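What follows is a set of notes on a single structure, which appears directly below.
Nothing here was measured: the structure is a model prediction, and the numbers come from that model.
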Amino acid sequence: MTVDWAHVFAGRVGGMSASEIRELLKLVDRPEIISFAGGIPDPDFFPTSAIARAYEKLFQSNAGAGGALQYTISEGYTPLREWICAYMGRHAIKAGLDEVVVTSGSQQGLEFIGKLLIGPGDKILVTRPTYLGALQAFSPYEPSYLSVPMDEEGPELAAVEAALEQKPKFLYLVPDFQNPNGTTVSLARREALLDLCAKHGVPIVEDAAYTELRYDGEPLPPIVALDAARNGGKITNVIYCGSFSKTMVPAFRVGWINGPAEVINRLVLMKQAGDLHTSTINQVILHDVVSEIFDAHIRRLRVAYKERRDAMLSALEEFAPEGVTWTKPQGGMFVWIELPEGTDGVALLERAIREANVAFVPGSAFHADRSGKNTLRLSFSATNPQRIREGIRRLTGLLQTVAA
């Protein structure tokens with residue numbers, strides 16, 4: 001008798017689904033495809049020289065190399081956590097070591113938060129659209145999603161307040177240059193969201209993966225900083241997820257969570273049960289690199305990615321037909337396209353790959369209720385300006401047929 005694996009799987013497995021983005025990343029290696037799909041950094045900008053120097057320095061010291069190849073504590077490599085605390089201190093946040101845990105990328109952080117906070121049937125408040133990876137991290141824990149629409153300043157407050165009346169476990173938000181639509185939540189809206197969530201006793205999970213990638217305008221304080229300012233500099237009602245994947249290199253798989261000590265203590269227990277700790281040597285090398293070049297490297301990325309953002313916006317202005325609209329993000333990696341009602345982004349993707357050798361992500365993937373079929377996410381970060389212009393020319397040629 002053979003095992004019926006479908007019967008053996010836990011019920012929560014039904015909440016797991018393949019990532020459209022992960023599947024589309026397989027197209028990146030096909031040279032004929034101009035891919036606006038994966039929201040990935042350009043490897044040409046990886047700080048390879050600094051990384052090489054850090055490895056060389058490490059292995060010139062036998063004692064240092066031995067420690068870097070050993071197990072470490074689940075909380076994370078202490079010097080890196082100290083660097084993170086100092087980084088948060090730039091935003092007037094008094095984060096101690098007991099308020100930070102290093103994770104294997106911010107994606108693991110989201111998965112741990114889901115495990116910590118979500119039970120079957122619990123309500124989770126998200127925006128429409130929201131980050132697909134967060135939906136994938138949360139869905140196995142069997143929540144019910146409350147999706148609120150966004151305007152140019154962020155989540156619509158009336159919809160948020162109505163949703164908060166339903167007692168969600170938390171509000172998940174990407175406040176800076178949101179993945180997928182590039183929207184930045186205004187300062188007034190951040191304050192108002194904090195007010196509403198505090199009134200209802202609902203925490204905010206702040207995903208800050210793109211915060212450093214600002215090209216226009218003045219930086220806004222993270223929501224966690226506004227929370228801390230109300231509470232003597234201490235994090236109280238916000239769980240903050242940071243990442244080095246977009247600013248340094250994704251392959252290290254190093255992110256972190258800042259939050260109240262009682263939250264971090266529980267997350268450390270999950271880390272112990274999950275993978276013991278994030279790779280020691282990756283943390284050691286990353287700490288060396290960010291200590292040496294972080295600010296200068298961020299400045300370089302801003303210049304390069306701004307040029308690509310501008311190339312995409314310029315090409316859309318030049319080639320896009322009537323009836324097609326798009327966001328104009330101040331930073332990040334994404335432009336969000338809205339097509340005429342009735343357009344099917346999935347069907348358009350099939351045509352775009354087949355007829356134009358262009359890839360993107362259909363917008364319905366970023367909606368908990370699978371709405372938004374007439375939307376697309378375009379990423380500009382991993383494509384040079386010339387190919388961006390050509391890719392937009394090809395894509396908008398197809399859009400002429402659907403926007404007519």
| Greater than 12 external heavy atoms within 6.0 Å of R389's CZ | no
| Test: K199 and D195 ion pair at under 4.0 Å | no
| Side-chain donor/acceptor of Q330 to backbone N/O of G217, under 3.5 Å | no
| query | Are the side chain of K169 and the backbone of L117 linked by a donor-acceptor contact shorter than 3.5 Å? | reply | yes
| task | Taking the side chain as every heavy atom from C-beta outward, state whether M312 and I392 have any atom pair closer than 4.5 Å. | result | yes
| task | Drop me the distance from S186's OG to L220's CG, to the nearest 0.5 angstrom. | result | 8.0 Å
| query | Quick one: CD on Q283 to OG1 on T278, what's the gap to the nearest 0.5 Å? | reply | 5.5 Å
| task | Rounded to the nearest 0.5 Å, what's the gap from CG on L301 to OG1 on T247? Could you check? | result | 7.5 Å
| field | N/O donor-acceptor pair under 3.5 Å between Q272 side chain and S74 backbone | value | no
| Once you round to the nearest 0.5 Å, how far does CD1 of I388 lie from CG of L395? | 13.0 Å
| Of S243, S245, S104, which meets side-chain hydrogen bond (donor to acceptor under 3.5 Å, both in side chains) against R253? | S245
| Quick one: are V284 and L58 in side-chain contact, heavy atoms under 4.5 Å? | yes
| message | Between R299 and D295, does the salt bridge (charged side-chain N to carboxylate O under 4.0 Å, His left out) criterion hold? Intermediate values first, please. | response | CA-CA 6 Å; R299 288 193 293 271; D295 290 335; 5.4 Å; no
| said: Among F252, W83, F46, which residue satisfies the ring-ring contact (aromatic ring centres under 6.0 Å, His included) criterion with F244? | reply: W83
| Where at least one partner belongs to residues 40-51, residue pairs that pass side chain to side chain donor-acceptor pair (under 3.5 Å), sequence neighbours excluded | D42-R308
| said: With a 3.5 Å distance limit and no angle check, can you tell me whether T127 reaches the backbone of V148 through a side-chain donor-acceptor pair? | reply: no
| Do you know which two heavy atoms are closest between L398 and A356, and how far apart they sit? | CD1-CB, 4.2 Å
| Ring centers of Y131, Y210 separated by less than 6.0 Å | no
| request: Take C85 and L97 through the side chain to side chain contact (heavy atoms under 4.5 Å, CB included) test and state the conclusion after the steps. | output: CA-CA 7 Å; C85 289; L97 287 179; 4.2 Å; yes
| task | Answer yes or no: is there a side-chain heavy-atom contact under 4.5 Å between D369 and Y145? | result | no
| query | Do side-chain atoms of N384 reach the backbone of R387 as a donor and acceptor pair under 3.5 angstrom? | reply | yes
| pair E111-M270: side-chain heavy atoms closer than 4.5 Å | no
| Between W326 and F360, is the gap from one ring center to the other below 6.0 Å? | no
| query | Do N265 side-chain atoms and A261 backbone N/O form a donor-acceptor pair below 3.5 Å? | reply | yes
| query | Please walk me through it: do F366 and N179 pass side chain to side chain contact (heavy atoms under 4.5 Å, CB included)? | reply | CA-CA 9 Å; F366 302 96; N179 182 357; 3.9 Å; yes
| said: Are T383 and S35 packed together at the side-chain level, in the sense that at least one heavy-atom pair is separated by less than 4.5 angstrom? | reply: no
| message | Suppose we screen for ring pair (Phe, Tyr, Trp, His ring centres under 6.0 Å). Which residues come up paired with H277, at least two apart in sequence or across chains? | response | Y71
| Straight-line distance of K246 NZ to T211 OG1, nearest 0.5 Å | 11.5 Å
| Residue pair P180 / L132, side-chain heavy-atom distance below 4.5 Å | no
| Residues in side chain to side chain contact (heavy atoms under 4.5 Å, CB included) with S381, at least two apart? | Y305, M333, S379
| field | Nearest atoms (heavy-atom pairs only) where V249 meets P47 | value | CG1-CD, 3.9 Å
| query | Any chance CZ of R394 has more than 12 other-residue heavy atoms, nucleotides or ligands included, within less than 6.0 Å? | reply | yes
| Closest non-hydrogen atom pair, R309 against P329 | NH1-O, 2.6 Å
| request: Apply side chain to side chain contact (heavy atoms under 4.5 Å, CB included) to the pair V335 and F380, showing each step before the final yes or no. | output: CA-CA 8 Å; V335 172; F380 51 80; 4.1 Å; yes
| note | When every non-hydrogen atom of N258 is compared with those of I264, the smallest separation belongs to C-CD1, 4.1 Å
| said: Could you go through D275 and Q108, starting from their C-alpha distance and side-chain angles, then the distance that decides it, and tell me whether this counts as side chain to side chain contact (heavy atoms under 4.5 Å, CB included)? | reply: CA-CA 10 Å; D275 62 359; Q108 184 183 61; 3.1 Å; yes
| Got M248 and V254 here, is their nearest side-chain heavy-atom distance under 4.5 Å? | no
| request: Return the minimal non-hydrogen interatomic distance between A359 and I33, and the atom names on each side. | output: CB-CG2, 4.1 Å
| said: One pair to check against salt bridge (charged side-chain N to carboxylate O under 4.0 Å, His left out): R190 and D176. What are the steps and the verdict? | reply: CA-CA 11 Å; R190 294 176 194 222; D176 296 303; 2.6 Å; yes
| request: Please report the closest heavy-atom contact between Q70 and T280, naming both atoms and the distance. | output: O-OG1, 2.7 Å
| task | Anything under 30° is parallel, anything over 60° is perpendicular, the rest tilted; go ahead and classify Y87 against H91. | result | perpendicular
| task | For the pair N374 (side chain) and T343 (backbone), establish whether a donor and an acceptor sit closer than 3.5 Å, ignoring hydrogens and angles. | result | no
| Between E318 and R393, does a salt bridge (charged side-chain N to carboxylate O under 4.0 Å, His left out) hold up when you go through it step by step? | CA-CA 9 Å; E318 182 176 354; R393 187 192 66 78; over 6 Å; no
| query | Do the side chains of P155 and L193 get nearer than 4.5 Å, heavy atoms only? | reply | yes
| OH-CG distance between Y172 and L110, expressed to the nearest 0.5 angstrom | 5.0 Å
| task | Might you work through the side chain to side chain donor-acceptor pair (under 3.5 Å) test for E99 and Y240, ending with a clear yes or no? | result | CA-CA 10 Å; E99 294 169 307; Y240 177 95; over 6 Å; no
| query | Has the side chain of R377 got a donor or acceptor atom that lies under 3.5 Å from a matching backbone atom of A365? | reply | no
| Is there a donor-acceptor contact under 3.5 Å from the side chain of N181 to the main chain of W336? | no
